[in-house]
K.L.:
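Questions regarding the structure given below will be posed in turn.
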Amino acid sequence: RIGNEGAYRKWCRLLLERFAETDDPVWAERVSKACLTLPASAEDLERASGLADKSVSLDPNHWVVPFGQVSSAFAAYRRGEFAKAIEWSDRALKREHEHVWFRNAQARFIRALSLDQLGDRHAAQTDFAKAAELLTDAESSAKARPVVDMLWNDIAICEVLQREYLQNATVEARTIESAEKADLRH
């Protein structure tokens, strides 16, 4: 579902310019998450991170705050601040009982990616499995009704995060396999 990366980056720059000064936490959350879906340039990452911060700080009682916590987790993950990404994900998951599948799935995918980067493979796999199950259930539901009604953008973000985790796991497995083969040769 992901298309032209150059066009994506162009639209992100335009969105970040247009909404840089927003004082609407909803726009701050939506734009930051959209622009953090793929790794960003240092400048775009800084601006998207600033919007993620706004989404949780402009009005701490706003309904968007748990979604902003996911954006903040996303921003921390993209900056390489994995422990902070886990903290933000955990804050969002405190509302997991509300059953907002995409918020929970995104928080779990980001948590899994961050745990994996910190070397906690077992916990990463557990979070990944929970997130993947939420996504699979959502995609099954989407077949029964139009995708537009199913928040297609959130499905796409989850698919990107899922693919990123699987790519990281594949690279790691190949590295371990290569090291084991090298040890056997000696």
Side-chain angles (χ1 to χ4, degrees), residues 2 5 8-9 12 15-16 25 28-58 60 64-98 100-136 138 153-179:
I2 301 301
E5 192 172 322
Y8 165 78
R9 296 202 186 289
C12 284
L15 285 168
L16 291 167
E29 183 270 337
R30 295 302 192 299
V31 171
S32 66
K33 193 187 302 178
C35 295
L36 292 164
T37 302
L38 295 177
S41 68
E43 180 183 349
D44 287 352
L45 178 56
E46 183 179 334
R47 290 166 39 184
S49 294
L51 286 174
D53 291 343
K54 281 184 174 187
S55 73
V56 295
S57 64
L58 285 171
V64 83
V65 168
F67 300 90
Q69 291 167 337
V70 173
S71 293
S72 293
F74 217 160
Y77 171 73
R78 291 289 184 222
R79 291 190 309 264
E81 299 170 2
F82 306 120
K84 190 174 276 193
I86 293 166
E87 289 174 22
W88 279 113
S89 294
D90 288 346
R91 288 181 191 178
L93 289 167
K94 285 182 182 175
R95 310 261 310 248
E96 192 169 25
H97 65 278
E98 294 174 355
V100 180
W101 77 265
F102 61 91
R103 183 181 70 211
N104 295 340
Q106 290 164 3
R108 291 239 175 246
F109 278 128
I110 294 165
R111 196 171 192 287
L113 284 158
S114 298
L115 286 163
D116 188 62
Q117 290 294 322
L118 293 173
D120 191 344
R121 308 287 183 257
H122 179 71
Q125 291 169 347
T126 299
D127 274 308
F128 176 80
K130 290 177 182 178
E133 182 179 0
L134 289 167
L135 176 58
T136 299
N153 57 318
D154 287 303
I155 289 175
I157 290 168
C158 286
E159 288 176 346
V160 168
L161 291 169
Q162 181 180 42
R163 184 170 43 242
E164 188 169 337
Y165 180 88
L166 292 171
Q167 287 172 342
N168 290 351
T170 301
V171 168
E172 179 184 332
R174 286 183 186 153
T175 303
I176 292 169
E177 184 179 313
S178 295

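All heavy atoms count here, side chains included; hydrogens, waters and symmetry mates do not. Please read all numbers here as calculations on a predicted model, not as lab measurements.
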K.L.:
Look at R9 together with D44 and state whether they make a salt bridge at an N to O cut-off of under 4.0 Å.
P.N.:
no
K.L.:
Roughly how far, to the nearest 0.5 Å, is CG of D154 from CD of Q106?
P.N.:
5.0 Å
K.L.:
Would you say that L113 contacts F74 through its side chain, given a criterion of any heavy-atom pair below 4.5 Å between the two side chains?
P.N.:
no
K.L.:
Which residues satisfy the side chain to side chain contact (heavy atoms under 4.5 Å, CB included) test with A75, sequence neighbours excluded?
P.N.:
L36, S49, A52, R79
K.L.:
Between N104 and E96 (side chain of the first, backbone of the second, donor and acceptor by atom type, cut-off under 3.5 Å), is there such a pair?
P.N.:
yes
K.L.:
Taking R103 for the side chain and E98 for the main chain, is one N or O donor matched with an acceptor at less than 3.5 Å?
P.N.:
no
K.L.:
E43 and L16: side-chain contact (heavy atoms from CB on, under 4.5 Å), yes or no, with the steps?
P.N.:
CA-CA 10 Å; E43 180 183 349; L16 291 167; over 6 Å; no
K.L.:
Are side-chain heavy atoms of L134 and F102 found at a separation under 4.5 Å?
P.N.:
no
K.L.:
Not counting sequence neighbours, which residues clear ring pair (Phe, Tyr, Trp, His ring centres under 6.0 Å) with F82? List them please.
P.N.:
Y77
K.L.:
Checking side-chain polar atoms at under 3.5 Å, does Q69 have a donor or acceptor matched by the opposite partner on K94?
P.N.:
no
K.L.:
Mind checking the CD-CG spacing from E46 to L51? Nearest 0.5 Å is all I need.
P.N.:
11.5 Å
K.L.:
Output the distance between atom OG1 (T126) and atom CZ (R111), rounded to the nearest 0.5 Å.
P.N.:
9.5 Å
K.L.:
Would you indicate whether the side-chain heavy atoms of F67 and V100 approach each other to under 4.5 Å?
P.N.:
yes
K.L.:
Look up atom CD1 in I86 and atom CG in L118, then write down how far apart they are to the nearest 0.5 Å.
P.N.:
5.0 Å
K.L.:
A side-chain contact here means heavy atoms from C-beta on lying under 4.5 Å apart; do K33 and N153 qualify?
P.N.:
no
K.L.:
Check this for me: does any side-chain nitrogen of one of E159 and R163 sit under 4.0 Å from a carboxylate oxygen of the other?
P.N.:
no
K.L.:
Go through the structure and list residues passing salt bridge (Lys or Arg N to Asp or Glu O under 4.0 Å) with R91, not counting sequence neighbours.
P.N.:
none
K.L.:
Can you give me the closest heavy-atom contact between V70 and A107, atom names plus distance?
P.N.:
CG2-CB, 4.1 Å
K.L.:
Any idea which heavy atoms bring A85 and S114 closest together, and the distance?
P.N.:
CB-OG, 3.3 Å
K.L.:
Taking all non-hydrogen atoms of both residues into account, name the closest pair between P25 and L58 and its distance.
P.N.:
N-CD1, 3.8 Å
K.L.:
So which atom in E5 and which in L38 form the shortest heavy-atom distance, rounded to 0.1 Å?
P.N.:
CG-CD1, 4.0 Å
K.L.:
Say you draw a straight line from CG of D127 to CG of L93; how long is it, rounded to the nearest 0.5 Å?
P.N.:
7.5 Å
K.L.:
Determine which pairs satisfy salt bridge (charged side-chain N to carboxylate O under 4.0 Å, His left out) with at least one residue from residues 67-78, sequence neighbours left out, and list them in order.
P.N.:
R78-E164
K.L.:
For residues 111-134, which residue pairs pass the ring-ring contact (aromatic ring centres under 6.0 Å, His included) check, not counting sequence neighbours?
P.N.:
F109-F128, F128-Y165
K.L.:
Applying side-chain hydrogen bond (donor to acceptor under 3.5 Å, both in side chains), name anything that partners S55, two or more places apart in sequence or on another chain.
P.N.:
none
K.L.:
As an exercise, state the distance from CD1 of I110 to CG of L115, rounded to the nearest 0.5 Å.
P.N.:
12.0 Å
K.L.:
What's the shortest heavy-atom distance between V65 and V56, and which atoms?
P.N.:
O-CG1, 3.8 Å
K.L.:
Of all heavy-atom pairs between C35 and A40, which one has the smallest distance, and what is that distance?
P.N.:
O-CB, 4.2 Å
